[in-house]
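What's counted below: heavy atoms across the whole structure, side chains too, no hydrogens, waters or symmetry copies. Source: prediction; values computed, not measured.
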Amino acid sequence: MKRRYFGTDGIRGQSNVFPMTPDLAMRVGIAVGTIFRRGTHRNRVVIGKDTRLSGYMLENAMVAGFTAAGVDAFVLGPIPTPAVAMLTRSLRADIGVMISASHNPFQDNGIKLFGPDGYKLSDELEAQIEAMLDDDIVPQLAKAHDIGRAKRIDGVHDRYIEHAKRTLPRDVTLHGLRVVVDCANGAAYRVAPAALWELGADVVTIGADPNGTNINLECGSTHPDALRRKVDEVRADIGIALDGDADRVQIVDENGKLIDGDQLMAVIAETWAADGTLKGGGLVATVMSNLGLERFLKSKKLGLERTQVGDRYVVEHMRQGDFNVGGEQSGHIVLSDFGTTGDGLVAALQVLACVKRSGRTVSEVCNRFEPVPQVLKNVRYSGGKPLEDQAVGAAIAEAENALAKTGRLLIRPSGTEPLIRVMAEGDDRAMVERIVDELVAVIGSVRSAA
């Protein structure tokens with residue numbers, strides 16, 4: 001059944017436009033509070049957010065919903081998504097909530113939900129929540145004497161900073177490294193610079209002046225040019241770019257070259273394999289990760305297992321196969337020895353540990369393989385099922401045959417927009433570009449005819 005509210009990463013949309021309205025946020029609080037209300041103890045939820053203007057509105061609405069369902073609400077304020085997952089477990093909460101639209105512009109917002117174990121909710125639980133959202137909520141409300149309490153709690157930033165610092169090996173400090181960190185004017189604007197400085201780095205901070213509307217605005221992991229310029233200006237050893245809720249990271253080396261999530265996973269996996277701490281015999285990534293990563297891992301006798309797009313699917317596969325490294329090309333790096341979801345700061349610290357131990361530059365450490373040429377284009381459609389068209393099927397089969405020995409083809413509908421994503425990669429860039437252009441043209445002609 002097609003889901004009305006939940007996408008691949010919680011509920012997301014434009015603020016004050018359905019479904020991202022205060023009314024729905026309150027209903028989510030009531031529904032989730034009802035489902036996770038169990039036992040005779042005082043049930044509790046921890047609620048974090050990033051720095052979007054609409055966060056105040058949605059935070060209050062969710063507090064109203066949870067307390068109306070009889071759940072005590074612990075309000076954290078602006079704090080990274082991985083900190084919410086960690087604090088859900090640390091504070092023995094029954095549910096964790098992060099109000100954020102991650103790397104999206106400030107006009108958008110979203111609701112991410114974590115269970116008491118700190119992991120994102122299953123598809124089955126999300127379907128159960130969806131079923132309640134459009135029903136009459138009055139029967140779910142708590143009796144007058146059972147209404148929950150709400151309070152803001154202090155010290156949560158310090159807890160997360162200490163947690164992040166403990167992930168750095170004890171024999172490593174960051175003394176002697178000049179680090180530029182771009183906090184995307186988002187949730188990590190307080191904790192990331194503090195953690196890096198306390199570990200000994202000379203820290204230069206940008207993107208740490210949130211005003212409610214500048215989150216991810218020409219900064220952060222999706223807009224790394226500002227970081228590149230600052231790294232060059234201050235002659236830094238490394239640049240670290242987080243996104244709005246700090247669950248993803250991109251690195252810039254001392255020369256200003258961008259290093260994506262595939263390279264970071266390669267660094268961590270190879271290092272941990274050498275240390276004997278890598279689990280699962282390799283790592284987990286999505287279908288979007290570069291073929292070059294797969295070939296590199298194979299050369300090191302390590303495996304790569306792929307999932308559909310979405311860090312939640314990466315985490316599920318990691319748990320099933322007992323892997324401790326996984327992630328996405330976009331910079332969601334999941335290190336299950338340290339957390340239950342993507343953590344940009346913790347991933348960056350593992351890379352910094354490799355740099356310090358090796359005594360080499362970031363460019364030498366982090367360029368483990370040459371990426372295979374990869375081309376991605378989107379085709380927008382307004383209706384129908386273009387991928388079921390006979391001409392499209394024939395074109396796809398022909399493209400797969402052409403790439404069979406030297407590359408890979410991936411065609412998938414977007415999970416959030418009416419788009420068909422066409423991605424191909426292979427050793428021959430000209431052929432890859434030609435194949436993608438031809439498929440886009442065929443799919444586009446079907447869309448136009450429809």
Side-chain angles (χ1 to χ4, degrees), residues 102-105 177-186 188 192 196 201 203-208 215-271 283 285-286 288-296 309 311 327-334 342-355 358 360-377 423 425 429 432:
S102 193
H103 59 281
N104 287 28
L177 285 181
R178 176 168 290 180
V179 178
V180 179
V181 58
D182 182 350
C183 302
N185 292 314
L196 291 164
V203 181
V204 178
T205 304
I206 62 175
I215 186 171
N216 300 314
L217 181 62
E218 298 180 357
C219 61
S221 63
T222 52
H223 301 280
D225 285 346
L227 180 63
R228 284 194 179 109
R229 291 192 297 269
K230 184 58 72 171
V231 166
D232 179 65
E233 176 189 332
V234 303
R235 298 183 180 180
D237 298 293
I238 189 173
I240 299 169
L242 305 172
D243 69 338
D245 68 335
D247 66 351
R248 69 166 67 183
V249 64
Q250 299 276 9
I251 297 292
V252 169
D253 69 19
E254 75 279 4
N255 301 314
K257 181 180 178 181
L258 187 67
I259 300 165
D260 67 12
D262 284 348
Q263 294 283 1
L264 301 183
M265 286 188 286
V267 171
I268 296 169
E270 184 182 14
T271 303
L283 60 84
T286 75
M288 296 303 295
S289 277
N290 195 274
L291 184 59
L293 172 62
E294 186 173 335
R295 291 173 175 174
F296 168 79
V309 174
D311 65 303
E328 297 186 278
Q329 188 182 67
S330 61
H332 279 114
I333 310 296
V334 183
D343 192 323
L345 176 59
V346 168
L349 290 176
Q350 307 318 303
V351 174
L352 285 167
C354 297
V355 171
S358 70
R360 296 182 294 160
T361 64
V362 174
S363 61
E364 292 172 322
V365 169
C366 292
N367 288 288
R368 295 292 170 112
F369 63 89
E370 188 65 32
V372 170
Q374 187 180 83
V375 178
L376 170 66
K377 292 188 177 181
M423 189 277 284
E425 58 183 355
R429 175 174 288 277
V432 168

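Listed by first and then second residue, the salt bridge (charged side-chain N to carboxylate O under 4.0 Å, His left out) pairs that reach into residues 367-376 are Glu270-Arg368, sequence neighbours excluded.
Counting only heavy atoms from C-beta outward, the side chains of Pro371 and Gln263 approach each other to under 4.5 Å. The shortest distance between side-chain heavy atoms of Cys219 and Ile206 does not fall below 4.5 Å. Asn185 is not listed as a side-chain neighbour of Leu217, based on a closest heavy-atom distance of 4.5 Å or more. Between Asp260 and Gln250, the closest side-chain pair of non-hydrogen atoms falls below 4.5 Å. Annotation: side chain of Asp237 is in contact with side chain of Arg178 (closest heavy-atom distance under 4.5 Å). Between Lys257 and Asn367 there is a side-chain heavy-atom pair separated by less than 4.5 Å. Contact annotation: the side chain of Glu328 never approaches that of Met288 to less than 4.5 Å [non-hydrogen atoms, C-beta and beyond]. Residues Gln329 and Thr286 are not in side-chain contact: their nearest non-hydrogen atoms beyond the backbone lie 4.5 Å or more apart.
Here the shortest heavy-atom pairing between Ala184 and Gly244 reads CB-N, 4.0 Å. Closest approach of Asp247 to Gly342, counting heavy atoms only: CB-O, 3.4 Å.
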(request) Would you please test Met265 and Ser289 for side chain to side chain contact (heavy atoms under 4.5 Å, CB included) and show each step? (result) CA-CA 10 Å; Met265 286 188 286; Ser289 277; 4.0 Å; yes

(request) Please step through side chain to side chain contact (heavy atoms under 4.5 Å, CB included) for the pair Ile259 and Val351, ending with a clear verdict. (result) CA-CA 11 Å; Ile259 300 165; Val351 174; over 6 Å; no

(message) Walk me through whether Leu196 and Leu352 qualify under side chain to side chain contact (heavy atoms under 4.5 Å, CB included).
(response) CA-CA 10 Å; Leu196 291 164; Leu352 285 167; 4.0 Å; yes

(message) Go through it in stages, so that I can follow the logic: the residues are Val267 and Val365, the test is side chain to side chain contact (heavy atoms under 4.5 Å, CB included), and I'd like the CA-CA distance, side-chain angles, deciding distance and then a yes or no.
(response) CA-CA 7 Å; Val267 171; Val365 169; 4.1 Å; yes

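With sequence neighbours excluded, no residue satisfies salt bridge (charged side-chain N to carboxylate O under 4.0 Å, His left out) with Asp182. Under the rule for a salt bridge (charged side-chain N to carboxylate O under 4.0 Å, His left out), the partners of Lys377 that lie at least two apart in sequence or sit in another chain are Asp437. For His103, the side-chain hydrogen bond (donor to acceptor under 3.5 Å, both in side chains) partners at least two apart in sequence or on another chain are Arg248. Asp225 meets the salt bridge (charged side-chain N to carboxylate O under 4.0 Å, His left out) test with Arg228; sequence neighbours excluded. Qualifying side chain to side chain contact (heavy atoms under 4.5 Å, CB included) partners for Leu291, counting only residues two or more places apart in sequence or in other chains: Glu294, Arg295, Val372, Glu425.
Side chains of Asn216 and His223: no donor on one and acceptor on the other come within 3.5 Å.
Counting heavy-atom neighbours within 6.0 Å of Glu218 CD, excluding the residue itself, gives a total of 12 or less.
From Glu254, atom CD reaches atom CG of Asp232 across 11.5 Å, with rounding to the nearest 0.5 Å. If you take SG on Cys366 and CD1 on Ile268, they are separated by 9.0 Å, rounding to the nearest 0.5 Å.
Tested against Ile240, the residues Val203, Val252, Val249, Leu227 include a single side chain to side chain contact (heavy atoms under 4.5 Å, CB included) partner, Val249.
In terms of modelled atom types and a separation under 3.5 Å, the side chain of Asp262 and the main chain of Ala266 share no donor-acceptor contact.
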